[in-house]
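Whatever order the structure lists ligands and atoms in, that order sets their numbers, starting from 1. The basis for the numbers below is simple: all heavy atoms, side chains too, and nothing from hydrogens, waters or symmetry mates. No experiment lies behind these values; they were computed from the predicted model shown.
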Amino acid sequence: MATREHFRVAVIGTGFGGLGAGVRLRREGVTDFVILERADSVGGTWRDNSYPGCACDVPSHLYSFSFAPNPDWPRAFSGQPHIRAYLERVTDIFGLRPHIRFNSEVEEARWDEEARHWRLRTARGELTADVVVSATGPLSDPRIPDIKGLETFPGKVFHSSRWDHDYDLKGKRVAMVGTGASAIQIVPAIQPRVDRLTVVQRTPPWVMPRMDRGINAAEKWLHAKVPASHKARRGLLWLIREFQVGAFVRRPQLMKATEQIARAHIRRAVKDPVLRAKVTPDYTIGCKRILLSNDYYPALAAPNTEVVDAGLTEVRGSTIVTADGTEREVDAIVFGTGFHVTDMPIGDRIHGVGGRTLAEHWKDGMAALRGSTIDGFPNLVMIIGPNTGLGNSSMILMIESSLNYLADYLATLESTGAAALNARPEAVRSWNAELQRRMERTVWNTGGCVSWYLDASGRNTTLWPGTTAEFRRATQRLKPQEYEVLRAPAERTGSSEASAEVAA
Ligand SMILES: Cc1cc2nc3c(=O)[nH]c(=O)nc-3n(C[C@H](O)[C@H](O)[C@H](O)COP(=O)(O)OP(=O)(O)OC[C@H]3O[C@@H](n4cnc5c(N)ncnc54)[C@H](O)[C@@H]3O)c2cc1C
């Protein structure tokens with residue numbers, strides 16, 4: 001029988017999460033690890049999303065690793081090519097390339113109860129690992145709605161995260177389906193080039209002015225020469241966002257002042273009362289992600305743009321039909337319809353104790369302990385798992401907190417000599433009961449909108465209802481009493497002795 005390669009840790013994904021995990025593992029002295037990536041380069045989100053206008057919407061000096069400051073960010077909100085290049089540099093500077101296997105999609109990860117490790121089947125062969133770190137990203141697998149007749153469309157169809165750069169939109173009649181974070185960056189970028197732009201809107205977003213500007217040479221010089229200045233800038237950006245959290249989670253009524261700014265933003269750019277009414281949301285600001293743009297509304301008001309405030313229901317040949325019954329002929333359909341967030345495909349591929357998939361385990365909603373571990377899935381650690389998303393700040397802060405937890409998880413395995421740790425179901429339950437209790441008052445649950453934050457049953461299993469500092473504290477140390485210990489096979493004398501408390 002061919003022997004499989006074995007690793008202490010197998011990381012899945014090379015976005016901020018997977019690369020961050022690689023850096024952290026090396027810092028903790030773990031070198032026996034592999035990073036498996038389905039694509040042929042690093043970058044995750046920032047490799048896949050190359051649509052015109054793609055940029056971060058959290059300032060770059062905060063939307064980057066604390067351990068890899070970049071004094072050279074060109075703009076307050078830098079574009080995708082710069083973020084992707086940053087991640088390529090992080091890969092090289094921290095010596096991660098030898099650990100990465102590209103074109104190695106993880107097709108299955110199965111917990112081997114006898115051997116007490118994971119067996120992974122990838123597109124390029126099989127391997128085993130003591131610990132699997134899943135960093136497959138919450139916004140990684142594009143979602144295109146099931147539209148009747150779409151397969152008959154003779155023109156071009158693509159998703160915002162799989163942009164076809166070989167297809168020239170110049171002079172074309174284009175339908176942009178969706179008005180979320182990607183769409184509002186795409187619309188102003190393509191509107192001047194296309195012949196006709198039809199924006200198919202189900203629900204309008206609240207859009208705030210974007211305080212973007214170029215970072216000047218003096219600032220870059222200062223950040224490079226005086227690292228404390230970079231730290232101070234980052235600290236300030238972080239602090240402002242920490243203070244905003246209260247309004248999102250405890251006092252949604254405080255969002256009213258923000259709403260006034262957003263209303264004025266619409267009034268300034270949109271003079272036509274019919275269009276104004278169409279683009280003004282009827283739910284509390286913050287309920288869906290607040291978007292930032294200075295050129296979205298002007299692009300909607302341009303003579304070659306039409307906003308249809310009814311969802312896409314059908315495609316008949318080259319005609320799109322919307323819920324209001326109207327029809328338009330188009331050459332291309334671009335879907336800015338988001339991702340599989342609460343039904344992530346990796347869920348069908350990870351099999352825990354008893355062969356149960358994560359998707360089956362989560363059929364009533366995603367739930368993890370401290371956004372990281374799941375009962376029945378020993379030695380599986382997620383980077384930004386359920387309820388770690390943010391409405392207003394940088395996900396890199398949450399990723400770095402998840403990495404603290406991962407480091408302590410591995411240290412606990414070492415110090416206890418355990419083969420594996422399995423989150424106790426009651427620990428997962430109580431963590432999530434408290435999360436859902438805190439969620440009740442949030443603007444995401446009470447603001448009167450339907451958003452991708454909520455799963456099919458209306459539970460918010462995506463966002464973190466607190467500050468990033470709170471999450472950092474919650475993930476600083478693993479609480480031994482929240483886990484059962486699984487011993488290595490050789491140490492077992494009988495199944496009843498297979499588990500024990502971790503020594504506190
Ligand atoms: C357009 C866009 C803009 C965004 N802007 C911001 C922002 O401004 N601020 C912010 O905080 N957040 C933003 N986000 C959220 C963003 O997703 C996170 O900030 C962060 O990049 C997530 O990193 P990640 O490593 O967890 O996931 P990803 O970057 O999605 O990386 C996941 C990786 O896993 C790989 N993978 C998935 N499945 C498998 C498999 N089965 N086998 C092998 N490899 C696999 C993927 O190919 C990918 O490389 C944005 C998201 C999008 C889509």
**Q** For atom 41 (N) of ligand 1, what is the nearest protein heavy atom, given as residue, atom name and distance?
**A** Val106 O, 3.2 Å
**Q** Nearest non-hydrogen contact with atom 24 (P) of ligand 1 belongs to which option: Gly17, Ser78, Ser104?
**A** Gly17
**Q** Could you tell me which atoms of ligand 1, counted from 1 in the order shown, lie closer than 4.0 angstrom to a heavy atom of Leu139?
**A** 15 (C), 51 (C)
**Q** Would you mind checking which non-hydrogen protein atom is closest to atom 26 (O) of ligand 1, with the distance to 0.1 Å?
**A** Ile384 CD1, 3.3 Å
**Q** How close do Val187 and Ala299 get, counting heavy atoms only, and between which atoms?
**A** CG1-CB, 3.9 Å
**Q** Out of Leu120, Ile350, Asp48, Thr45, indicate the one that has the non-hydrogen atom closest to atom 16 (C) of ligand 1.
**A** Thr45
**Q** Would you say the side chain of Tyr86 lies within less than 4.5 Å of the side chain of Phe16, judging by non-hydrogen atoms?
**A** yes
**Q** Answer yes if the ring centres of His159 and Phe339 are under 6.0 angstrom apart, and no otherwise.
**A** yes
**Q** In this structure, does ligand 1 have an atom that sits under 4.0 Å from one of the heavy atoms of Ala135?
**A** yes
**Q** Looking at ligand 1, does Phe77 have a heavy atom less than 4.0 Å from it?
**A** no
**Q** Can you say whether the rings of Tyr63 and Trp46 are parallel (under 30°), tilted (30 to 60°) or perpendicular (over 60°)?
**A** perpendicular
**Q** Atoms of ligand 1 less than 4.0 Å from Phe339 heavy atoms?
**A** 53 (C)
**Q** With backbone taken as N, CA, C and O and side chain as the heavy atoms from C-beta onward, which portion of Glu107 lies under 4.0 Å from ligand 1: side chain, backbone, both, or neither?
**A** neither
**Q** Any non-hydrogen side-chain atom of Thr475 less than 4.5 Å from a side-chain atom of Ser402?
**A** no
**Q** I'd like to know whether CZ of Arg438 has more than 12 heavy-atom contacts from other residues, nucleotides or ligands below 6.0 angstrom.
**A** yes
**Q** Going by heavy atoms in the side chains, are Arg38 and Thr122 under 4.5 Å from each other?
**A** no
**Q** What protein heavy atom lies closest to atom 8 (O) of ligand 1? Include the residue and the distance to one decimal.
**A** Asp57 N, 2.6 Å
**Q** At less than 4.0 angstrom from any non-hydrogen atom of Ile346, what atoms of ligand 1 do you find?
**A** 41 (N)
**Q** Would you kindly say whether Thr342 and Arg459 are connected by a side-chain donor-acceptor distance under 3.5 Å?
**A** no
**Q** Would you mind listing which atoms of ligand 1 come within a distance below 4.0 Å of any non-hydrogen atom of Val58?
**A** 8 (O), 9 (N)
**Q** Which is closest to atom 48 (C) of ligand 1 in terms of heavy atoms, Met382, Glu37, Gln185, Met395?
**A** Glu37
**Q** Just heavy atoms, cut-off under 4.0 Å: does Asn49 contact ligand 1 by side chain, backbone, both, or neither?
**A** side chain
**Q** Please list the nearest protein heavy atom to atom 44 (N) of ligand 1 with its residue and the distance rounded to 0.1 Å.
**A** Arg38 N, 3.2 Å
**Q** Can you tell me if Asn460 uses its side chain to pair, donor with acceptor, with the backbone of Met439 under 3.5 Å?
**A** no
**Q** May I ask you to identify, for Ile12, whether its side chain, its backbone, both or neither come under 4.0 Å of ligand 1 on a heavy-atom basis?
**A** side chain
**Q** Suppose we measure from atom 1 (C) of ligand 1 to each protein heavy atom; which comes out shortest, and what is that distance?
**A** Tyr51 OH, 3.5 Å
**Q** Could you tell me if the side chain of Leu410 sits less than 4.5 Å from the side chain of Val9, heavy atoms only?
**A** yes
**Q** Kindly say whether the aromatic ring centers of Phe377 and Trp111 come within a distance under 6.0 Å.
**A** no
**Q** For atom 4 (C) of ligand 1, what's the nearest protein heavy atom and its distance?
**A** Trp46 CZ2, 3.6 Å
**Q** What are the atoms of ligand 1, with element, lying closer than 4.0 Å to any heavy atom of Ser394?
**A** 11 (O)
**Q** For ligand 1, find out whether one of its N or O atoms is nearer than 3.5 Å to an N or O atom of Arg47.
**A** yes
**Q** For ligand 1, indicate whether the residue Cys56 contacts it via side chain, backbone, both or neither (heavy-atom separation under 4.0 Å).
**A** both
**Q** Answer with side chain, backbone, both or neither: which part of Pro345 has a heavy atom less than 4.0 angstrom from an atom of ligand 1?
**A** neither
**Q** Determine whether the side chain, the backbone, both or neither of Leu36 has a heavy atom under 4.0 Å from any heavy atom of ligand 1.
**A** backbone
**Q** Quick check on Arg162: does its CZ atom have over 12 non-hydrogen neighbours (other residues, nucleotides or ligands) under 6.0 Å away?
**A** yes
**Q** With a 6.0 Å cut-off on the ring centroids, do Trp238 and Phe243 count as close?
**A** no
**Q** Please list the nearest protein heavy atom to atom 13 (C) of ligand 1 with its residue and the distance rounded to 0.1 Å.
**A** Tyr63 OH, 3.8 Å
**Q** Return yes when Ser393 approaches ligand 1 closer than 4.0 angstrom through a heavy atom, no otherwise.
**A** yes
**Q** For Arg349, counting its heavy atoms only, list the atoms of ligand 1 lying under 4.0 Å from any of them.
**A** 41 (N)
**Q** Less than 4.5 Å apart, any side-chain heavy atom of Glu107 and any of Glu126?
**A** no
**Q** State whether the side chain of Arg241 and the backbone N or O of Leu236 hold a donor-acceptor pair below 3.5 Å, judged by distance alone.
**A** no
**Q** Would you call the rings of Phe67 and Phe65 parallel, tilted or perpendicular, taking 30° and 60° as the class edges?
**A** parallel
**Q** If you have a sec, work out which protein heavy atom is nearest atom 34 (O) of ligand 1 and how many Å separate them, to one decimal?
**A** Gly13 CA, 3.3 Å
